[in-house]
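A quick write-up on the structure given underneath.
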There are 2 protein chains.
Amino acid sequence: MQNHKDIKTKERLLLHAEILFAQRGFHAVSVREITTAAKSNLAAVNYYFDSKKNLYLEVFRQRWVPRARQIKESFENVLAEKENPGINEIFGALAHAFIEGPLDDEERKIHVQLMQREIVSPTAAFELVANEVTAPFFEDLSRRLRPCLPKDTDETSLVLSNISMLAVVLYFNFSRAVVTRFTGKEYDSGFKMRLIQHIAAFSRDGFNSLLRKENL
Amino acid sequence: MQNHKDIKTKERLLLHAEILFAQRGFHAVSVREITTAAKSNLAAVNYYFDSKKNLYLEVFRQRWVPRARQIKESFENVLAEKENPGINEIFGALAHAFIEGPLDDEERKIHVQLMQREIVSPTAAFELVANEVTAPFFEDLSRRLRPCLPKDTDETSLVLSNISMLAVVLYFNFSRAVVTRFTGKEYDSGFKMRLIQHIAAFSRDGFNSLLRKENL
DNA sequence: GTCTATAGCAGGATAGAC
DNA sequence: GTCTATCCTGCTATAGAC
């Protein structure tokens with residue numbers, strides 16, 4: 001059995017800071033809360049990270065970005081098995097990576113909440129997320145989708161559709177209060193499978209609007 | 001020319017509190033900031049609203065809910081002009097109400113940001129928003145869409161699609177940092193028209209997935 | 001590297017003069 | 001209804017013992 005002493009203080013701080021920041025945001029969480037949760041001393045945050053602000057940034061650098069890579073890899077691995085994946089396969093893989101994927105439920109929730117907070121109130125971490133994760137991800141996605149779309153599809157249309165798809169995927173992760181409230185369903189494995197199907201179908205058909213001339 | 005003295009102190013507090021809460025969230029904004037912005041005295045918040053927390057709630061009660069009603073009315077008025085509106089008309093009206101609609105750009109941004117914050121970190125205001133606005137809105141939307149869908153479409157499928165559509169609409173309002181970053185476009189009137197078209201097309205075609213048996 | 005103690009400040013709230 | 005002055009709590013950050 002692992003107890004907290006088996007993990008180094010610095011790691012424990014990152015771990016618990018991430019959970020608390022994700023749940024309630026930077027300003028609503030105090031250093032005292034973080035060090036109590038991490039069973040470390042109050043002074044530890046400043047000793048290891050200089051400041052609360054920098055701890056927040058390190059959470060993104062050391063925990064958020066690597067996890068985003070995991071999600072991306074899962075997405076790529078699913079697609080690598082198919083040859084010439086079409087819109088269907090691409091969105092199936094995407095919905096799967098984000099709703100089921102490599103992370104457990106709690107981890108994914110934390111991951112998306114942190115991202116969402118940066119989108120609503122961007123801080124220094126926003127640039128990190130945008131440059132290191134979102135931009136390459138959108139580029140990769142566009143590259144994969146291009147062959148499925150008419151040759152004259154312009155870049156903006158493609159980006160708007162990418163954003164819309166991302167919006168739906170994120171929403172079903174971070175806004176569970178809304179989803180549970182209005183569907184009456186909990187996020188058990190049956191409901192998650194249903195969500196994957198829904199997101200894949202909704203995004204795929206939304207993308208199909210790019211195939212029709214009158215909307216361009 | 002109107003100066004700040006023409007508006008009662010209580011109203012000025014609500015006005016500026018709303019802007020600041022929307023921009024940076026409850027915890028990041030201090031009572032001192034609000035009273036300075038409203039050109040009122042530091043003690044005014046407690047005099048009129050008892051506490052900062054209650055001021056936040058009153059912002060939703062007195063400003064947010066009425067504005068949500070305005071958006072809803074705009075949506076209904078557009079639809080009232082058409083007879084037997086189909087999926088196309090419904091989503092056209094919806095995208096229009098949320099992206100152009102009755103509010104000016106700044107107001108709509110504030111409106112959606114406040115809502116978004118409640119979705120990410122629900123407080124007492126969440127129940128208000130869900131009960132008084134979101135629930136009736138989803139019901140109304142379902143009632144309008146039902147005639148356009150197969151008879152055996154189950155309620156959950158419909159709700160999931162409503163949520164997805166809302167996700168896209170909200171996203172293009174509150175996540176301008178992302179949209180501007182990846183499209184390179186500012187929210188001028190040309191781009192907004194394009195967004196309306198995009199959202200209407202994406203949502204409508206996403207909904208069309210409900211028409212196909214294999215996704216149910 | 002961990003701890004206690006505390007500096008130093010900003011926050012929400014209130015009492016009481018006007 | 002408005003204002004000043006102030007209380008008091010809770011915060012981040014740091015100094016210095018161990």
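Keep in mind that the numbers below use all heavy atoms, side chains included, and drop hydrogens, waters and symmetry copies. Here the structure is a predicted model, which means the values were calculated and not measured.
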Legend entry - salt bridge (charged side-chain N to carboxylate O under 4.0 Å, His left out) pairs, two or more places apart, involving residues 43-60 of chain A: A/Glu58-A/Arg61
Inset, instruction - Determine which pairs satisfy salt bridge (charged side-chain N to carboxylate O under 4.0 Å, His left out) with at least one residue from residues 15-26 of chain B, sequence neighbours left out, and list them in order. - result: B/Glu18-B/Arg63, B/Glu18-B/Arg67, B/Arg24-B/Glu33
Inset, instruction - For DNA chain C, determine which residues of residues 44-51 of chain A have any heavy atom closer than 4.0 angstrom to one of its atoms, and list them numerically. - result: A/Tyr47, A/Tyr48
Legend entry - Set of residues satisfying side chain to side chain donor-acceptor pair (under 3.5 Å) with respect to B/Ser121, sequence neighbours excluded: A/Arg117
Nearest-Å distance, [atom1] ([X]) to [atom2] ([N])?
X       : N      : atom1 : atom2 : value
A/Leu55 : D/dA13 : CG    : P     : 10 Å
B/Glu11 : D/dG1  : CD    : P     : 13 Å
B/Asn41 : C/dA17 : CG    : P     : 16 Å
A/Lys10 : C/dG1  : NZ    : C1'   : 13 Å
A/Lys52 : C/dA10 : NZ    : C1'   : 13 Å

Legend entry - For DNA chain D, the residues among residues 19-35 of chain B that have a non-hydrogen atom under 4.0 Å from it: none
Legend entry - With B/Arg32 via salt bridge (charged side-chain N to carboxylate O under 4.0 Å, His left out) - residues at least two apart: none
Inset, instruction - Kindly indicate whether the side chain of B/Met165, heavy atoms from C-beta on, has any atom under 4.5 Å from the side chain of B/Phe98. - result: no
Inset, instruction - Only pairs at least two apart or in different chains count here, so list each ring-ring contact (aromatic ring centres under 6.0 Å, His included) that has a residue in residues 8-28 of chain A. - result: A/Phe21-A/Phe26, A/Phe21-A/Tyr56, A/Phe26-A/Tyr56
Legend entry - side chain to side chain donor-acceptor pair (under 3.5 Å) contacts in which one or both residues fall within residues 124-139 of chain A, not counting sequence neighbours: A/Asn131-B/Arg181
Inset, instruction - Not counting sequence neighbours, list each pair that qualifies as a side chain to side chain donor-acceptor pair (under 3.5 Å) and has a residue in residues 183-193 of chain A. - result: A/Asp105-A/Lys192
Legend entry - Short side-chain N/O contact from A/Ser40 to OP1 or OP2 of C/dT2, under 4.0 Å: no
